[in-house]
Amino acid sequence: MRDDEEDSIYDFWNKLPGPGEFDRHKYSKIPDDAPLWEGVRIGVTEYLGVRWVVEVVDKDNVVVRRTDMPRAFRLKQSFKTKFDELNYAMWTYFDVPTDKTFDYIVGAGTFKRAIERDVGIPVGYSAKLGKAEGEMSAGHIMTAVSLGDAPNATQTGLVARWFIWSILVLQWVDESIVANPNP
């Protein structure tokens, strides 16, 4: 059996166009030297549209939310590992509705290879069982990347570009799972 035949059971049968791999030039309306969260605001306006708002939580966390439907993405940056070592990392989370957690976890697991092939990075997913038997807690799907060194003042706009791309990735994953039910 060829690899492509073996992988075919993990491919989307209803394929939606996705954002593809990250291309920093594709989001060039965000200036390279834009302050991070201002760059995200510019990107939301330019690439996501008017139905989105940016809510700054603190210097390291932002929520990007759609106003016309229950869809929100949490953006996070950190400068150290849990062992207090210097390491700049960025996360984007899409919180899955509790009543859909199981469907998303199964969908993300089944289509993991297709997702990663289309966007070029792993997309994580997690949820826990709730207290009642068979109950799921809220879950999320996420992207994460570690740069090692923190961006300097002329690179923060590039980080904002990555955040916009990662929102588009997770939105595509969400829409693909909905379009390919019961894997």
Side-chain angles (χ1 to χ4, degrees), residues 2-27 30 36 39-40 43-44 47-48 60-64 71-83 85-98 100-129 136-151 155-156 158-183:
R2 292 186 345 235
D3 280 345
D4 59 340
E5 288 175 359
E6 187 176 309
D7 288 345
S8 66
I9 63 168
Y10 300 105
D11 281 335
F12 295 115
W13 45 87
N14 295 315
K15 179 105 167 117
L16 301 176
E21 292 188 11
F22 178 69
D23 176 358
R24 68 186 190 126
H25 302 292
K26 189 173 180 181
Y27 305 97
I30 302 170
L36 178 57
V40 168
V44 165
Y47 302 105
L48 299 180
D60 295 325
N61 295 278
V62 162
V63 174
V64 177
R71 181 176 284 166
F73 297 87
R74 294 180 291 127
L75 314 180
K76 176 183 176 73
Q77 69 172 348
S78 68
F79 295 87
K80 294 185 178 186
T81 67
K82 64 182 175 181
F83 305 110
E85 299 164 334
L86 290 176
N87 183 38
Y88 183 76
M90 306 167 298
W91 290 271
T92 303
Y93 298 92
F94 170 63
D95 294 322
V96 176
T98 304
K100 300 285 187 192
T101 299
F102 184 76
D103 295 340
Y104 276 76
I105 299 309
V106 170
T110 301
F111 301 120
K112 185 173 180 56
R113 291 180 191 173
I115 292 166
E116 291 176 5
R117 185 179 54 240
D118 279 15
V119 298
I121 65 166
V123 173
Y125 50 93
S126 70
K128 296 178 182 169
L129 289 175
M136 294 291 288
S137 68
H140 61 261
I141 52 179
M142 64 177 250
T143 61
V145 69
S146 171
L147 298 179
D149 293 330
Q155 299 169 324
T156 51
L158 298 176
V159 174
R161 292 177 189 184
W162 186 86
F163 273 127
I164 295 302
W165 173 80
S166 66
I167 289 170
L168 293 169
V169 165
L170 294 180
Q171 182 173 263
W172 169 73
V173 171
D174 168 49
E175 292 167 354
S176 294
I177 289 170
V178 169
N180 294 275
N182 305 317

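With V62 as the fixed residue, the side-chain contact (heavy atoms from CB on, under 4.5 Å) test singles out one of L75, V44, L36: L75. The only option from R71, R74, K100 that meets the salt bridge (charged side-chain N to carboxylate O under 4.0 Å, His left out) definition with D95 turns out to be R74.
Taking all atoms of both residues into account, the shortest heavy-atom contact from A144 to W91 is CB-CD1, 3.3 Å. In plain terms, the two heavy atoms of I141 and A108 that are nearest each other are CG2-CB, 4.4 Å. When all heavy atoms are compared, the tightest approach of S166 to T143 is CB-OG1, 3.3 Å. Contact detail for G20 and W165: the closest heavy-atom pair is O-NE1, 2.9 Å. Of all non-hydrogen atoms in K112 and V123, the two that sit nearest each other are NZ-O, 3.7 Å. Between N14 and A179, the shortest heavy-atom contact is ND2-O, 2.7 Å.
Considering only heavy atoms from C-beta on, Y93 stays 4.5 Å or farther from V63 through its side chain. Using a 4.5 Å cut-off on side-chain heavy atoms (C-beta onward), T92 and W162 make contact. For the pair L86/D149, no side-chain contact is recorded, criterion being any heavy-atom separation below 4.5 Å from C-beta on. Residues Y104 and V173 fail the side-chain proximity criterion, which asks for heavy atoms closer than 4.5 Å. Side chains of V169 and F22 form no contact here, defined as non-hydrogen atoms less than 4.5 Å apart. At a threshold of 4.5 Å between non-hydrogen side-chain atoms, the residues I164 and V64 do not count as touching.
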| query | Could you walk me through whether Y88 and V159 pass the side chain to side chain contact (heavy atoms under 4.5 Å, CB included) check? | reply | CA-CA 11 Å; Y88 183 76; V159 174; 3.6 Å; yes
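Aromatic pair W172/F94: centroids not less than 6.0 angstrom apart.
One N or O on the side chain of R161 and one on the backbone of R24 form a donor-acceptor pair closer than 3.5 Å. Judged by distance alone, the side chain of N180 and the main-chain N or O of W13 form a donor-acceptor pair under 3.5 Å.
Taking K26 as the reference, nothing meets the salt bridge (Lys or Arg N to Asp or Glu O under 4.0 Å) condition, with sequence neighbours excluded. Y47 meets the ring pair (Phe, Tyr, Trp, His ring centres under 6.0 Å) test with Y27; sequence neighbours excluded. Considering only residues two or more places apart in sequence or on other chains, F163 meets the ring pair (Phe, Tyr, Trp, His ring centres under 6.0 Å) condition with W37.
Here the straight-line distance linking atom CD1 of I105 with atom CD1 of I177 works out to 8.0 Å at 0.5 Å rounding.
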